[in-house]
Amino acid sequence: MTKRKPLIAGNWKMYKNIPEAVGTAREMVKLLKEPPNAEVMIAPGCVLLNAVMREIEKSCISLGAQDLFWEKEGAYTGAISASMLVSAGCKYVIIGHSERRQYFAETDRNVNLKIRAAIDSGLVPILCVGETEIQRESEETFSILDKQIQMGLKDFSCDELDKLVVAYEPIWAIGTGKTATSRQAQDVHEYLRNALENTFGNSLAKNIRILYGGSVKPENIAELMAMPDVDGALVGGASLNADTFIRIVSF
Ligand code: 13P
């Protein structure tokens, strides 16, 4: 099986102001002397994108956003369009993060529209899926993931999804210090790849990158990356510090 090029992505969430973001990005570029085996991306808050882009543009670190709105333009106060993100230098956009679903009432239908907007603008969407602790305990993990994948990717053709990245982020592992074991991650990633194969065929399923997210740190990245269906990580807290993130990237 062809090994997919890993992607290690940092989700900065609602942390850092402009000077702090510039400082961290600058330090990351300095620490990342050798191009790593993985592709590297950081996703700062929207207001920080431009300043961070200036720091990373000559490096191998790509820029990502944490969300977008699906309309092209219009009277949508506070919203950010795909075109704005492209013009700021973004290559990736995270879509459907559990925090967006929880605090901003984002539904699978919204996620589907956002993926459409991203793809139509040439952005690479990172579709986040994951179950809560209660859902895991009541053995609903796979049915929840099925629903998130099927509804999020409804009406897309295989060709349109050829660059899509999926991130499995069990909600119980986000920011809790409780990482899924590499076995738990592998079981879910394998399940997701099979589900994608059933809907979109083998060629898409074998090329798609499935990232793990939830308390990833320098101490657990190697074990997670040793799993055949783990193709990278979506890192929250540990991506805020340049030294820690670069240690993860160089797993
Ligand atoms: P933590 O790495 O802080 O657990 O966050 C994971 C996450 O939500 C990345 O999107």
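Sequence positions, counted from 1, serve as the residue numbers for this chain. Note that ligands are numbered from 1 as they come in the structure, with each ligand's atoms numbered from 1 the same way. Because the structure is predicted, anything quoted here is derived from the model rather than measured.
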Peer 1: Heavy-atom distance under 4.5 Å between the side chains of D162 and N207, does that happen here?
Peer 2: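 Side-chain contact under 4.5 Å: no.
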Peer 1: Answer yes or no for S215: is there a heavy-atom contact with ligand 1 below 4.0 Å?
Peer 2: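 It does, in that a heavy atom of S215 comes within the 4.0 Å cut-off of ligand 1.
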Peer 1: Can you tell me how the ring of H189 sits relative to the ring of Y168, calling it parallel under 30°, perpendicular over 60° and tilted otherwise?
Peer 2: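 H189 vs Y168 ring planes: perpendicular.
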Peer 1: At less than 4.0 angstrom from any non-hydrogen atom of G214, what atoms of ligand 1 do you find?
Peer 2: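 Answer for ligand 1: 4 (O), 6 (C).
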Peer 1: Against V165, only a single residue in V124, D231, I95 fulfils side chain to side chain contact (heavy atoms under 4.5 Å, CB included); can you say which?
Peer 2: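 Exactly one option meets the side chain to side chain contact (heavy atoms under 4.5 Å, CB included) with V165, and it is V124.
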Peer 1: Just by distance, no angles: are the side chains of W12 and Q66 close enough, under 3.5 Å, to form a donor-acceptor pair?
Peer 2: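 Short answer, no.
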Peer 1: If we set the cut-off at 4.0 Å for heavy atoms, which region of A173 has an atom near ligand 1: side chain, backbone, both, or neither?
Peer 2: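 A173 to ligand 1: backbone contact only, side chain stays beyond 4.0 Å.
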Peer 1: Among S98, G175, G236, whose heavy atom sits nearest atom 4 (O) of ligand 1?
Peer 2: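 Looking at heavy atoms only, the winner is G175.
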Peer 1: Report yes if the side chains of E197 and L204 come closer than 4.5 Å at any heavy-atom pair, otherwise no.
Peer 2: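 No; the side chains remain at least 4.5 Å from each other.
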Peer 1: Do P125 and I119 come within less than 4.5 Å of each other through their side chains, counting heavy atoms only?
Peer 2: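 Answer yes - side chains close enough.
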Peer 1: Which part of N11 is near ligand 1, with near meaning a heavy atom under 4.0 Å away: side chain, backbone, both or neither?
Peer 2: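 Side chain only; the backbone of N11 stays clear of ligand 1.
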Peer 1: Can you tell me which residue and heavy atom of the protein come closest to atom 3 (O) of ligand 1, and the distance to 0.1 Å?
Peer 2: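 Protein heavy atom with the smallest distance to atom 3 (O) of ligand 1: G237 N, 2.8 Å.
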Peer 1: Please work out which of H97, K178, Q66 has its closest non-hydrogen atom nearest to atom 8 (O) of ligand 1.
Peer 2: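 When every heavy atom of H97, K178, Q66 is considered, H97 comes closest to atom 8 (O) of ligand 1.
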Peer 1: Which protein non-hydrogen atom lies closest to atom 9 (C) of ligand 1, naming both residue and atom, and how far is it?
Peer 2: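 Scanning the protein heavy atoms, the shortest distance from atom 9 (C) of ligand 1 goes to E169 OE2, 2.9 Å.
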Peer 1: Taking atom types as modelled, is there a side-chain donor on S81 or E73 under 3.5 Å from an acceptor on the other?
Peer 2: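 Side-chain D/A pair, S81 to E73: absent.
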Peer 1: Can you tell me the protein heavy atom closest to atom 5 (O) of ligand 1 and the distance?
Peer 2: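 Ranking protein heavy atoms by distance from atom 5 (O) of ligand 1, first comes K13 NZ, 3.3 Å.
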